[in-house]
There are 2 protein chains.
Amino acid sequence: MVCVATRKQRAERRADALSKDRIVEVAIEILDTEGESALTFRALTARLDTGAGAIYWHVANKSELLAAATDDVLGSAMARVRGDGDPRRTIRAIALGVFDAIDAHPWVGAQLSREPWQPAMLPVLEGIGTQLAALGASERAQFDSASALLSYLLGLAGQYAAAARLPRDTDRSAFLAAVATQWEQLDSARYPFVHRFATRLRGHDDREQFLAGVDLILAGIAG
Amino acid sequence: MVCVATRKQRAERRADALSKDRIVEVAIEILDTEGESALTFRALTARLDTGAGAIYWHVANKSELLAAATDDVLGSAMARVRGDGDPRRTIRAIALGVFDAIDAHPWVGAQLSREPWQPAMLPVLEGIGTQLAALGASERAQFDSASALLSYLLGLAGQYAAAARLPRDTDRSAFLAAVATQWEQLDSARYPFVHRFATRLRGHDDREQFLAGVDLILAGIAG
DNA sequence: ACCTGAACACCGTTCAAGT
DNA sequence: ACCTGAACACCGTTCAAGT
């Protein structure tokens, strides 16, 4: 404890200026280390050593803060994606970029599935669409395929976010194993497929599984 | 006002018994008429003329309540689906059943995207899987395709839920039009595809668009 | 066994007041 | 212009106490 004097009057103004970037940065830190539910304005003010009003001066509300954080993470993930001239491979690379970002930051998945039409998705959509056009797909097919791929990505996003909302010691594969166990106890006469699905769920590789879905959609595209 | 006498002592026990079914029923009413955000325990207690504890006697928590409500709506939607012997057509019918349920009750979309692995999804998964098997797809292809279709459905669910969370006077098509307008104002050199996408977004038919995505995935299935 | 309703432990957000 | 921090208007959930 450095400041000794009894502080009866209000604290003086902070020296290092606050900024939206700084706030977003700390928000990402909290989200990554302690999870979605730990990001509260109280946690932020404590970490930033300030008051709630100071944060609201830089950021309109929590939704904007989460959107900015998501834009940050997803934006830099998209910036890392390199096309290699092959449209299908590039689409896979974009999809994997989103996948890996969500895998590393499950709260991004929550935010995307809560607010799908946010700025962070623009580079993703643009990237996918450009490749679909390069593939020679018709305007209509470009629209349909881009929509389908987007929905697929968002669906996956939600699943990751859901797994991340569980108690912190259970990771995703442990969670899936628990789901599998539960499903295996269902009446197998009524749910034969779910039974088989559960068994496969146990051993599956998330990333591989995800790519298989992307390929399935890509395979359906004429052209 | 019927009861005139000054009520100083606590109200006597209610005559008509409470039950989980009754609670779920009222919850669905609130969700349908006033939206997701209107479902609070305070609203429920007011509508059921009881205390919070009474609800907790029948239902573990809000998450269970929402799961039960979702199970109800989706369950009866699935019960209405009739197969006609053609696997692909039946899968489309199942998917449309989910779509229509979400369209009519957007909060179902929110719940599904928040908790994808809930009981309500079992009949959906089982139905899809059964048809994929009938289609002669390999075990692996059944697993991949069912997963992809599920993720696609969940992605769509999230999008509907997001649109429903907006101020109540804006319906989904008005919302999409607003998104389109916003995207059309983007730098068209940087986002050429998003521009074209926005234009199509305006005139598109949700249901048709949804089916196009299902067909795209189905088309990719070998067999 | 079932219900009552006050109380608890949180939230996001606002705002008068300070520098 | 930027920040402080108490206060407001909510939540879901708990629990001692009633019938």
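Order of the sequence lines sets the chain letters (A, B, ...), proteins ahead of strands, with each chain counted from 1.
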Q: Do nucleotides 10-15 of chain C as a string where each nucleotide becomes B, S or -: B if the base has a protein heavy atom under 4.0 Å, S if just the sugar-phosphate does, - if no protein is that close.
A: -BBBBB

Q: May I have all residue pairs that pass ring-ring contact (aromatic ring centres under 6.0 Å, His included) and include part of residues 25-74 of chain A, sequence neighbours excluded?
A: A:F41-A:Y56

Q: Between A:F143 and B:R196, is there a cation-pi geometry (under 6.0 Å to ring centre, at most 45° from the normal)?
A: no

Q: Distance check needed: C:dC3 P versus B:R22 CZ, whole Å only.
A: 13 Å

Q: Do B:T181 and B:R202 have side-chain atoms, one donor and one acceptor, less than 3.5 Å apart?
A: yes

Q: Which string of ( ) [ ] | and . matches DNA chain C, if you list each base 5' to 3' and count Watson-Crick or G-U pairs only when both distances are under 3.5 Å?
A: ||.|||||...|||||.||

Q: Rounded to whole angstrom units, what separation is found between the CD1 atom of A:I55 and the P atom of D:dG5?
A: 12 Å

Q: Are OP1 or OP2 of D:dC2 and a side-chain N or O of A:W57 less than 4.0 angstrom apart?
A: yes

Q: Can you label the angle between the B:W107 ring and the B:H105 ring as parallel, tilted or perpendicular, going by 30° and 60°?
A: perpendicular

Q: Do any N or O atoms from the side chain of B:R165 and from the backbone of A:R114 form a donor-acceptor pair under 3.5 angstrom?
A: yes

Q: Could you check whether any side-chain N or O of B:S151 sits under 3.5 Å from a backbone N or O of B:A148, counting only pairs where one atom can act as donor and the other as acceptor?
A: no

Q: In whole angstrom, what separates B:L18's CG from C:dA1's P?
A: 17 Å

Q: Quick one: does A:S145's side chain have a donor or acceptor within less than 3.5 Å of a partner on A:Q142's backbone?
A: no

Q: Can you see if the side chain of B:H58 gets near the phosphate of C:dC3 - specifically, an N or O under 4.0 Å from OP1 or OP2?
A: yes

Q: Using 30° and 60° as the class limits, which term best fits the ring planes of B:Y160 and B:F99: parallel, tilted or perpendicular?
A: perpendicular

